[in-house]
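Down below is the structure, laid out as structure tokens.
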There are 2 protein chains.
Amino acid sequence: MNGIRRPYRRETEDVRREALISAALDLIAVGGIKAATVRAIAEKAGVTSGLIRHYFASKEDLVRESYHWMMQRMTADSADVLKDSECDSITDLAVFVAATLVPPVVDAARLGLWAGFMHEVQHDPLIRQVHIQTYLCYRDVLQSLIGPLPRAVSAEQLRADAIACNGVIDGLWMEACAVPEIFAPGEIQRIGLTSVGAILGVDLLSAHEKSQRPTS
Amino acid sequence: MNGIRRPYRRETEDVRREALISAALDLIAVGGIKAATVRAIAEKAGVTSGLIRHYFASKEDLVRESYHWMMQRMTADSADVLKDSECDSITDLAVFVAATLVPPVVDAARLGLWAGFMHEVQHDPLIRQVHIQTYLCYRDVLQSLIGPLPRAVSAEQLRADAIACNGVIDGLWMEACAVPEIFAPGEIQRIGLTSVGAILGVDLLSAHEKSQRPTS
DNA sequence: CATCTTATTGCACACTTGAATAATTCATCT
DNA sequence: AGATGAATTATTCAAGTGTGCAATAAGATG
């Protein structure tokens with residue numbers, strides 16, 4: 001058989017793996033896990049489907065690694081918000097909460113991705129571990145922002161506060177992603193700041209407003 | 001061909017439709033949407049796969065109706081908590097919040113079900129409409145519980161409070177379903193009561209404790 | 001009991017799926 | 001340049017997918 005084959009370039013393992021992972025995540029975000037077939041992934045990554053099994057033990061394996069990759073990126077993204085902050089602890093927290101409740105963190109595709117994996121969290125041990133690790137990591141960041149606040153609380157109370165704040169933020173993020181049209185612009189962000197502030201007994205709303213305009 | 005056919009009983013349309021819907025939901029809860037194949041659904045419902053197309057225009061159609069059915073049941077369940085309450089408004093709210101944050105509402109299968117459909121919410125117009133309707137309905141119940149509280153707030157504030165409380169509850173519910181093992185028993189419930197109370201400026205925790213033991 | 005309606009089965013069909021493997025072609029090394 | 005090795009393609013395969021439709025038997029009606 002001598003049909004003409006498509007030309008190709010050889011790439012490093014890292015390049016190909018990342019291309020396949022990105023393609024898988026794109027597909028899952030838009031069409032759910034069922035849309036991530038080997039053929040669709042390969043086409044989106046610009047290769048043929050056979051290559052998937054060359055770099056991953058199975059398609060399942062690729063999906064698992066994709067989840068890990070995505071969660072790592074999300075964690076890094078949220079940590080970046082505070083990278084070079086020179087503000088007080090209240091303002092840091094306000095900025096952190098506010099950033100989580102507007103685009104690009106609020107994004108239908110991101111929610112689709114997150115939900116697409118949620119069921120695997122129940123059954124795949126590795127995915128479950130990644131989920132827990134990412135959740136705890138995010139909560140720790142939150143706790144490290146809550147801790148320095150000018151309040152006197154026990155360690156137990158601090159943990160409870162972090163869980164609670166994480167809960168509000170997650171819940172609001174979800175609804176904002178799912179059906180943004182039923183909220184006014186900026187409403188969810190404002191509600192998030194107010195609620196977290198109420199839980200912690202600090203005024204996050206004005207702290208956030210203050211952080212917006214000192215560009216003078 | 002005259003192989004012996006499996007015997008069967010004729011049932012009404014309602015019985016069969018509900019059996020098929022229940023079977024579909026069971027499968028989706030455990031294995032995600034991809035597990036809900038026509039053959040698996042039919043087997044679990046005790047019929048053969050051809051019957052699905054007799055009662056539903058397509059498998060997709062069955063899935064859509066299943067979602068609708070599930071959401072209606074969830075809404076009804078949460079409304080039932082307050083059915084014959086004779087308590088004051090604070091206690092009603094406390095009971096409502098508390099009920100959402102323990103089993104059977106907190107349940108991995110329920111979360112799996114909910115997440116399994118989340119992606120369809122983005123793309124299927126009917127499912128999206130059902131989602132919005134259910135969300136607003138739940139929030140209205142919440143708002144009707146918040147409204148009578150002994151506080152003086154504007155209508156706008158009331159709406160914001162309801163959104164915020166719904167957010168906390170959703171977020172905590174999610175984490176409790178997903179990874180219950182990282183929380184102490186009753187911890188999420190307590191945190192939920194405290195947080196919602198803090199947002200609204202009322203003491204839900206003691207209101208709930210009070211409602212537990214007046215069985216004298 | 002005979003007849004009729006239709007709920008239900010059983011099967012075939014066309015397609016898609018993930019996986020396995022043979023066949024190629026690119027890039028590197030001497 | 002020419003050979004070597006491995007990245008990549010192309011093809012095949014068995015299993016599973018939803019759908020369409022004819023055959024059948026359950027149960028109501030007369």
Legend entry - N/O (side chain, A/R6) to phosphate O (OP1/OP2, D/dT9) under 4.0 Å: yes
Inset, instruction - In whole angstrom, give the distance that lies between atom CD of A/E13 and atom P of D/dA6. - result: 13 Å
Inset, instruction - For A/D77, check salt bridge (charged side-chain N to carboxylate O under 4.0 Å, His left out) against everything at least two apart and list the hits. - result: A/R110
Legend entry - Parallel, tilted or perpendicular: ring planes of A/W114 versus A/W173, cut at 30 and 60 degrees: perpendicular
Legend entry - Nearest-0.5 Å distance, CG of residue A/D161 to CD of residue A/E156: 11.5 Å
Inset, instruction - Look at the side-chain N and O atoms of A/R53 and state whether any lies under 4.0 Å from the OP1 or OP2 oxygen of C/dG18. - result: no
Legend entry - Results of side-chain hydrogen bond (donor to acceptor under 3.5 Å, both in side chains) for A/S89 - residues two or more places apart only: none
Legend entry - Separation of C/dT16 P from B/K59 NZ (nearest whole Å): 15 Å
Legend entry - Integer-rounded Å distance: D/dT24 C1' and B/R9 CZ: 19 Å
Inset, instruction - Would you jot down, in residue-number order, the residues of residues 62-69 of chain B having a non-hydrogen atom under 4.0 Å from DNA chain C? - result: none
Inset, instruction - Sorted by first residue and then second, give each salt bridge (Lys or Arg N to Asp or Glu O under 4.0 Å) pair with at least one member in residues 123-143 of chain A; sequence neighbours left out. - result: A/R64-A/D124, A/R128-B/E181
Can I get a per-line list of side-chain donor-acceptor pairs under 3.5 Å for residues 182-198 of chain B, giving both atom names and the distance, sequence neighbours left out?
| residue | atom | partner | partner atom | Å |
| --- | --- | --- | --- | --- |
| B/E187 | OE1 | A/R159 | NH2 | 2.7 |
| B/E187 | OE1 | B/A184 | N | 2.8 |
| B/E187 | OE2 | A/R159 | NE | 2.8 |
| B/E187 | OE2 | A/R159 | NH2 | 3.2 |
| B/Q189 | NE2 | B/A98 | O | 3.1 |
| B/T194 | OG1 | B/R190 | O | 2.7 |
| B/S195 | OG | B/I191 | O | 2.5 |

Inset, instruction - May I have the distance from B/R5 (atom CZ) to C/dG10 (atom P), rounded to whole angstrom? - result: 6 Å
Legend entry - Atom-to-atom span, CZ of A/R10 to P of C/dT25 - whole angstrom: 13 Å
Inset, instruction - Kindly write out the residues that satisfy side-chain hydrogen bond (donor to acceptor under 3.5 Å, both in side chains) with B/Y55, not counting sequence neighbours, or none if the list is empty. - result: none
Please list, one pair per line, the donor and acceptor atoms closer than 3.5 Å that link side chains of residues 18-37 of chain B to other protein atoms, with sequence neighbours excluded.
| residue | atom | partner | partner atom | Å |
| --- | --- | --- | --- | --- |
| B/S22 | OG | B/E18 | O | 3.2 |
| B/K34 | NZ | A/E120 | OE2 | 3.4 |
| B/T37 | OG1 | B/A40 | N | 3.1 |

Legend entry - For A/N166, all residues meeting side-chain hydrogen bond (donor to acceptor under 3.5 Å, both in side chains), sequence neighbours excluded: none
Legend entry - Residue-level proximity of residues 41-51 of chain B to DNA chain D when a heavy atom falls under 4.0 Å: none
Inset, instruction - Can you sort out which residues in residues 19-40 of chain A have a heavy atom within less than 4.0 Å of DNA chain C? Ascending by number, please. - result: A/A36, A/T37, A/V38, A/R39
Legend entry - Listed nucleotide nearest any side-chain atom of B/Y8, set D/dG18, C/dT24, C/dT8: C/dT8
Legend entry - Contact under 4.0 Å: A/R16 side-chain N or O vs D/dA7 OP1/OP2: no
Inset, instruction - With sequence neighbours left out, write down each residue that passes side-chain hydrogen bond (donor to acceptor under 3.5 Å, both in side chains) with B/E175, or none if nothing qualifies. - result: none
Inset, instruction - Quick one: label B/E60 by what it contacts on the DNA or RNA (base, sugar-phosphate, nothing), any heavy atom closer than 4.0 Å. - result: nothing
Legend entry - Presence of B/H54 side-chain N/O under 4.0 Å of C/dA7 phosphate oxygens OP1/OP2: yes
Inset, instruction - Can you tell me which residue pairs pass the salt bridge (Lys or Arg N to Asp or Glu O under 4.0 Å) test with a partner in residues 38-55 of chain B, sequence neighbours excluded? - result: none
Legend entry - Mutual orientation of the aromatic rings belonging to A/H131 and A/Y135 [parallel < 30°, tilted 30-60°, perpendicular > 60°]: parallel
Legend entry - Under 4.0 angstrom between B/Y55 side-chain N/O and C/dA7 OP1 or OP2: no
Inset, instruction - Take the protein atom CD1 of B/I52 and the nucleotide atom P of C/dC11, then report the distance between them rounded to whole Å. - result: 18 Å
